[in-house]
Amino acid sequence: MTTTLLASAAAAQGLHYPKAQKDATVDNYFGTEVADPYRWLENDTSAQTAAWVEAENRVTNAYLAKIPFRQKLLKRLTEVSNYEKLSAPRKHHGKWYFYKNDGLQNQYVMYVMDQLGAEPRVFLDPNKLSTDGTVALKGVYFSNNGRWAAYSISRSGSDWQEFYVIDLQTGQLTQDHIEWAKFSGAAWQGDGFYYSAYDAPTKGKEFSNVNEGHKIYYHKIGTPQSDDVLFYQNAAYPKRFYTCAVNDEETMMFLYEDGAGAGNMLFVRDLRQPGSQFIQMTADMEYRYSPIYTEGDKIYLLTNLDAPKNRIMVADIHRPGVGDWQPLIAEQPNVLSDATVINRQFILTYSQDASDHAYLYGIDGRQVREIQLPSVGSVGFTGDERQPECFYTFTSFTQPGTIYSYDLQSGRSTLYAQPKVAFRPQDYVTEQVFFQSKDGTRIPMFLTYKRGERSEVRGKRPVYLYGYGGFNISLVPSFSATRIPWLEQGGIYAQVTLRGGGEYGEEWHQAGTKMQKQNVFDDFIGAAEWLIREGYTDRDHIAIVGGSNGGLLVGACMTQRPDLYRVAIPQVGVMDMLRYHRFTIGWNWAPDYGTSEDSREMFEYLRGYSPLHNLRPGTAYPATLVTTADHDDRVVPAHSFKFAARLQECQSGTAPTLIRIDTKAGHGGGKPLAKILEEQADIYSFILHNMGLKFK
């Protein structure tokens with residue numbers, strides 16, 4: 001260990017953590033007793049918990065404030081984040097809408113143009129909805145008749161949504177206001193829309209109580225929420241989600257039911273027939289079924305039914321059962337990750353080794369051409385089902401979101417908008433490497449670092465090792481300005497393609513679920529071991545980072561291999577695998593995790609890797625900064641509270657084990673830029689400081 005590292009460790013010895021009371025709470029799982037002495041921290045509104053949170057933040061803030069280069073790092077993070085960011089324009093009823101952030105605005109502003117290239121004017125500015133940027137715009141939904149636009153907001157990062165309505169003729173807000181919606185859009189039919197909501201929660205338990213009884217309501221413009229009509233509920237399955245969608249022509253309505261399997265149930269209703277009822281299209285919830293386009297009686301769907309890497313099928317509303325569906329575009333060797341219909345043509349995005357390739361297909365299912373993308377990266381297309389204008393946004397690890405217009409007829413791409421960031425992307429390189437996991441599975445990993453420094457990387461370069469590995473979610477190449485200071489310091493950003501994600505289809509996803517979950521941790525551990533073995537770094541220069549399910553990943557890996565990393569940053573993580581399903585929508589994660597109530601075998605397996613239950617007294621753990629927030633009602637902060645208290649109790653080494661608890665923030669969505677920059681400054685400062693490095 002270097003002299004600087006020793007000094008850092010000695011400083012950590014002076015930390016005095018708040019004493020967390022322990023009680024005698026014990027749970028019995030299939031005859032096995034499991035102590036839970038920090039159960040009281042699950043009560044996030046108690047005075048006792050509030051006092052503990054305040055004391056922990058005092059210790060953490062004092063530690064971070066003493067890092068000499070933190071302010072300098074925050075200044076650089078602010079500089080590189082201060083650039084104009086745009087979304088691709090989208091057409092609604094003859095006008096063009098797009099989002100823009102001038103640079104350091106906390107939230108993106110929505111603008112409208114009368115035609116492409118015309119002078120934009122502000123349509124909706126969420127920065128004016130709060131003084132501190134903690135009110136975020138979640139979605140905007142235009143009525144099919146062009147008269148109204150409903151928009152939803154969230155406050156302080158919560159998943160709870162409120163809806164408001166704008167009269168597009170006057171530009172003024174109406175009196176319409178809806179509360180306690182969750183996981184909902186607005187599906188318009190006539191002068192009203194459908195939305196999904198829960199009953200108002202118990203006061204004081206808004207962010208922790210189990211969410212049950214998802215209902216669909218219809219709201220007619222100009223009426224109070226109390227008059228909204230209950231459209232659909234299923235009391236037999238209170239722990240499921242129910243949402244609906246209506247096509248633009250208002251000829252078909254779809255009902256989605258999910259939350260109890262790897263996929264969803266799908267129903268359809270013919271709105272052309274008065275008094276029509278929903279007809280069940282699918283047989284189970286083990287596969288995903290997503291209508292992407294309707295025309296006449298035809299329904300075009302993206303599904304992984306009998307196609308683990310997805311395909312396009314066609315149904316007829318008069319014979320909508322899955323047995324009558326016809327294949328249109330067959331499953332390919334690569335994963336079909338997205339399907340968009342623009343001007344009655346399909347643009348299909350396929351993922352090859354976690355990077356995107358795009359193709360144009362006719363409505364008849366025949367391929368027209370490959371769409372040439374700028375380089376290895378990820379892409380998203382924007383356009384209207386029956387209009388010719390098409391845009392796409394391309395990004396990579398070194399290229400910020402750049403917008404191109406695409407001519408569907410000629411196949412020509414034209415640059416539309418390119419951000420100007422205060423760094424030189426040509427100075428950096430991304431390579432994709434492959435290594436073998438513990439069981440021999442081939443695992444990809446992207447490495448991004450300063451060009452020309454590969455020979456100097458040997459052995460001592462700091463590595464920011466990031467992964468997720470769950471819920472069929474793919475980690476694709478993406479740009480983040482907050483990584484720039486890390487790369488400028490000679491750091492390596494390593495992003496691992498773990499099992500449990502969706503990068504290679506449903507089989508890859510299932511290989512990281514339930515009693516296969518250890519594969520995900522083995523893949524991540526294997527990545528660190530490979531980086532050391534290949535000479536990129538050493539154990540004193542690896543930081544492992546992940547959020548949510550990725551926070552679970554970090555927690556599991558630091559408890560299984562505390563010797564392998566210098567720093568661990570578990571963010572808003574699922575740390576108590578025995579009780580996660582008892583809070584808010586935790587029950588929805590059971591298809592990926594299983595629960596401690598399923599069987600003795602499932603309980604034993606979960607206990608075997610649950611981060612909270614695998615912290616051992618007398619163990620030297622890496623320097624750890626746990627992060628969470630007071631309004632996180634996705635992964636409740638109790639996970640992080642209990643883990644941090646237990647970690648501080650068990651730590652025998654001299655590395656600091658701290659928790660950073662943000663206020664007026666949630667799981668991460670909608671977080672104001674000012675809070676993001678403060679948090680990233682703390683994380684990068686903590687990592688560099690505990691590696692014995694300085695920010696130059």
Side-chain angles (χ1 to χ4, degrees), residues 1-2 4-23 34-41 52-64 66-67 465 521 525 528 539-546 551-577 607 609-628 637-661 682-683 685-692:
M1 187 181 284
T2 65
T4 313
L5 280 172
L6 285 168
S8 175
Q13 287 180 309
L15 289 169
H16 299 288
Y17 303 116
K19 185 167 178 57
Q21 176 189 329
K22 298 175 71 174
D23 61 32
V34 179
D36 193 4
Y38 298 115
R39 177 72 58 82
W40 59 272
L41 283 167
W52 179 86
V53 166
E54 185 180 351
E56 287 285 354
N57 268 343
R58 230 179 358 252
V59 172
T60 299
N61 292 338
Y63 178 91
L64 295 170
K66 290 178 182 175
I67 298 176
L465 185 61
F521 313 140
I525 290 168
R539 297 178 187 211
D540 281 334
H541 293 89
I542 297 179
I544 54 172
V545 188
L552 161 63
L553 169 73
V554 172
C557 290
M558 67 175 279
T559 53
Q560 292 183 15
R561 288 296 306 276
D563 61 307
L564 191 55
Y565 327 101
R566 182 66 193 167
V567 183
I569 313 286
Q571 300 176 280
V572 294
V574 187
M575 301 308 211
D576 184 346
M577 295 306 297
R607 187 175 65 155
Y609 74 77
S610 175
L612 175 65
H613 299 93
N614 285 277
L615 289 165
R616 303 285 180 245
T619 304
Y621 288 103
T624 305
L625 181 63
V626 181
T627 72
T628 187
H639 283 279
S640 295
F641 291 175
K642 291 161 66 174
F643 182 77
R646 176 67 174 162
L647 177 61
Q648 290 172 354
E649 176 192 353
C650 292
Q651 173 70 298
S652 70
T654 54
T657 50
L658 304 172
I659 180 168
R660 182 188 190 277
I661 305 155
D682 288 346
I683 289 171
S685 298
F686 184 85
I687 292 172
L688 291 170
H689 186 58
N690 281 283
M691 288 180 177

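Owing to the predicted nature of the structure, the values given are computational and were not obtained by experimental measurement. Just so it is clear, the values below take in all heavy atoms, side chains as well, and ignore hydrogens, waters and symmetry mates.
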From Trp40 atom CH2 to Asp23 atom CG, the distance as rounded to the nearest 0.5 Å: 9.0 Å
Nearest heavy-atom approach of Asn614 to Tyr621 is O-OH, 3.7 Å
Polar side-chain atom of Gln651 near backbone of Pro656 as donor-acceptor pair, under 3.5 Å: no
Identify the heavy atoms of Gly551 and Pro570 that sit nearest to each other, and give their distance. O-CB, 3.8 Å
Atom CG of Leu625 and atom NE2 of His689: how far apart are they, to the nearest 0.5 Å? 12.5 Å
Quick one: are Thr628 and Val626 in side-chain contact, heavy atoms under 4.5 Å? no
Closest heavy-atom contact between Ile544 and Cys557? CD1-CB, 4.3 Å
I'd like a table of donor-acceptor pairs (distance under 3.5 Å, sequence neighbours excluded) in which one partner is a side-chain atom from residues 638-647, with atom names and distances.
residue, atom, partner, partner atom, Å
His639, ND1, Met575, N, 3.1
His639, ND1, Asp576, N, 3.1
Lys642, NZ, Asp36, OD1, 3.3
Lys642, NZ, Asp36, OD2, 3.1
Lys642, NZ, Glu42, OE2, 2.8
Lys642, NZ, Asp576, OD2, 2.8
Arg646, NH1, Glu649, OE1, 3.3
Arg646, NH1, Glu649, OE2, 3.1
Arg646, NH2, Leu615, O, 3.3

With the threshold set at 4.0 Å, does a side-chain nitrogen-carboxylate oxygen contact exist between Arg539 and Asp563? yes
Are the side chains of Ile569 and Phe686 in touch, meaning some heavy atoms are under 4.5 Å apart? yes
Indicate yes or no: at least one non-hydrogen side-chain atom of Gln21 is less than 4.5 angstrom from one of Pro37. no
Approximate separation, where rounding is to 0.5 Å, of Ile67 CD1 and Ile687 CD1: 10.5 Å
Can you tell me how far CZ of Arg616 sits from OG1 of Thr559, rounded to the nearest 0.5 angstrom? 8.5 Å
Is the side chain of Ser652 donor-acceptor paired with the backbone N or O of Gly618 at a distance under 3.5 Å, no angle test? yes
Check: Tyr565 and Ile525 side chains under 4.5 Å, non-hydrogen atoms: yes
Is Ile661 close to Pro637 at the side-chain level, that is, under 4.5 Å between some pair of heavy atoms? no
Compare every heavy atom of Pro622 with every heavy atom of Ala655, then report the nearest pair and how far apart it is. CB-C, 4.0 Å
Between Ile659 and Asn57, the two heavy atoms sitting closest are O-OD1, 3.9 Å
N/O donor-acceptor pair under 3.5 Å between Gln648 side chain and Thr657 backbone: yes
Please check if the side chain of Asp540 supplies one atom and the backbone of Arg566 the other of a donor-acceptor pair under 3.5 Å. no
Would you please name every residue forming a side chain to side chain donor-acceptor pair (under 3.5 Å) with Gln571, sequence neighbours left out? none
Does a side-chain heavy-atom distance below 4.5 Å link Asp682 with Thr60? no
Return the set of residues passing side-chain contact (heavy atoms from CB on, under 4.5 Å) with Ala55 (not counting sequence neighbours), or none when no residue passes. Pro18, Arg58
